[in-house]
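Single-structure report; data block below.
In listed order, ligands and their atoms are each counted from 1. Reckoned from all heavy atoms, side chains included, excluding hydrogens, waters and symmetry mates.
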Amino acid sequence: MSLLQVIDITHAYASSRLFRRMQRQTAVLSGVSLSIEHGQCLGLLGTSGAGKSTLGKVILGLEKPQKGQVLFQGIDLYHADTTARKRLRRDLQVVFQDCYSSVNPRMTVEQIIAEPLQNYEILSTQELKRTIGELLERVGLNPDHSRKYPHQFSGGQLQRINIARAIALKPKLIVLDEAVSSLDMVTQAHILSLLKELKSSFGLSYLFITHDIKAAYSISDSLAFMEKGEIVERMDDKSQLLSS
Ligand code: ADP
Ligand code: ADP
């Protein structure tokens, strides 16, 4: 069974009544299907406005599609009971592009990373501190930074913090939405190698959303190309890219 199966998703954003009268509501996603296997990375490519982020949100359970299904380990995300949904929220994490706005500026690194852990697990102060230290080391940050605030870090370091938070609950799939796009080339390469390393050591799967074909090629096992809300091409083996 695939880890994730997206089946025939069609979605349009609800628009105001006035807007609807003026313009036929156009679908942002039309009949999108894809799947991700355990331990694999699917690169989702396409120009800005193609619908990539919307698909990411549908997969994360944040935007309910008008039609179609999202099956995570065979469980229908939008028709699961509360217990299953809670489990799904834990197994499915996200890292966005804008690393500064995805963290609360008034929280320390320690508090940022502790948040998902505290939502799911009862840990003693000692255990929490140890886990946070391990996670920071795992993503290449010195645990001594744990009392600092987001503005004291570079974009690359903050993305490491976001990654630490995303892996804290040992998820199965991480949606990376333009996660390296705003970083300089060198920092991008560092974050990509960190992501690759986490993928191979934990058997993590990724949906790597990007407009950057080089970044997608470097990390993905397979690629899908999106245009105007549709998947227009698929490469199950990324080396096909070189021969096309
Ligand atoms: P991409 O990630 O490929 O750049 P998006 O999924 O962000 O594409 O956007 C696809 C289309 O949906 C765009 O036309 C965008 O303007 C529209 N869109 C995105 N988010 C919303 C929203 N919250 N409400 C209405 N329209 C939206
Ligand atoms: P422990 O029982 O101490 O959690 P593990 O072998 O499960 O031991 O994990 C060792 C380290 O790797 C911990 O820091 C843990 O957070 C991290 N880890 C384990 N599995 C995953 C995973 N699937 N995703 C991210 N991090 C993980």
Among residues at least two apart in sequence or on other chains, which ones pass ring pair (Phe, Tyr, Trp, His ring centres under 6.0 Å) with His11?
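Partners of His11 by the ring pair (Phe, Tyr, Trp, His ring centres under 6.0 Å) criterion, ordered by chain and then number, come out as Tyr13.
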
Using every non-hydrogen atom in the two residues, find where Gln93 and Leu169 come nearest and quote the distance to one decimal.
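In this case the closest contact between Gln93 and Leu169 is NE2-CD1, 4.1 Å.
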
Please output the residues near ligand 1 using a strict heavy-atom distance under 4.0 Å, listed in chain and residue-number order.
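These residues qualify: Tyr13, Val28, Thr47, Ser48, Gly49, Ala50, Gly51, Lys52, Ser53, Thr54.
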
For Val186, what are the other residues in its hydrophobic cluster, where any two members join if their side-chain heavy atoms are less than 4.5 angstrom apart?
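ILVMFWY cluster around Val186 holds nothing else.
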
On the six-membered ring of Tyr120, is Lys86 placed so that its NZ or CZ lies under 6.0 angstrom from the centre and within 45° of the ring axis?
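Judged by the rule, Lys86 and Tyr120 form a cation-pi pair.
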
Once you round to the nearest 0.5 Å, how far does CG of Leu136 lie from CD1 of Ile161?
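Interatomic distance, Leu136 CG to Ile161 CD1, rounded to 0.5 Å: 7.0 Å.
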
Checking Arg106 now: which residues fulfil salt bridge (Lys or Arg N to Asp or Glu O under 4.0 Å) with it, not counting sequence neighbours?
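Partners of Arg106 under the salt bridge (Lys or Arg N to Asp or Glu O under 4.0 Å) test: none.
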
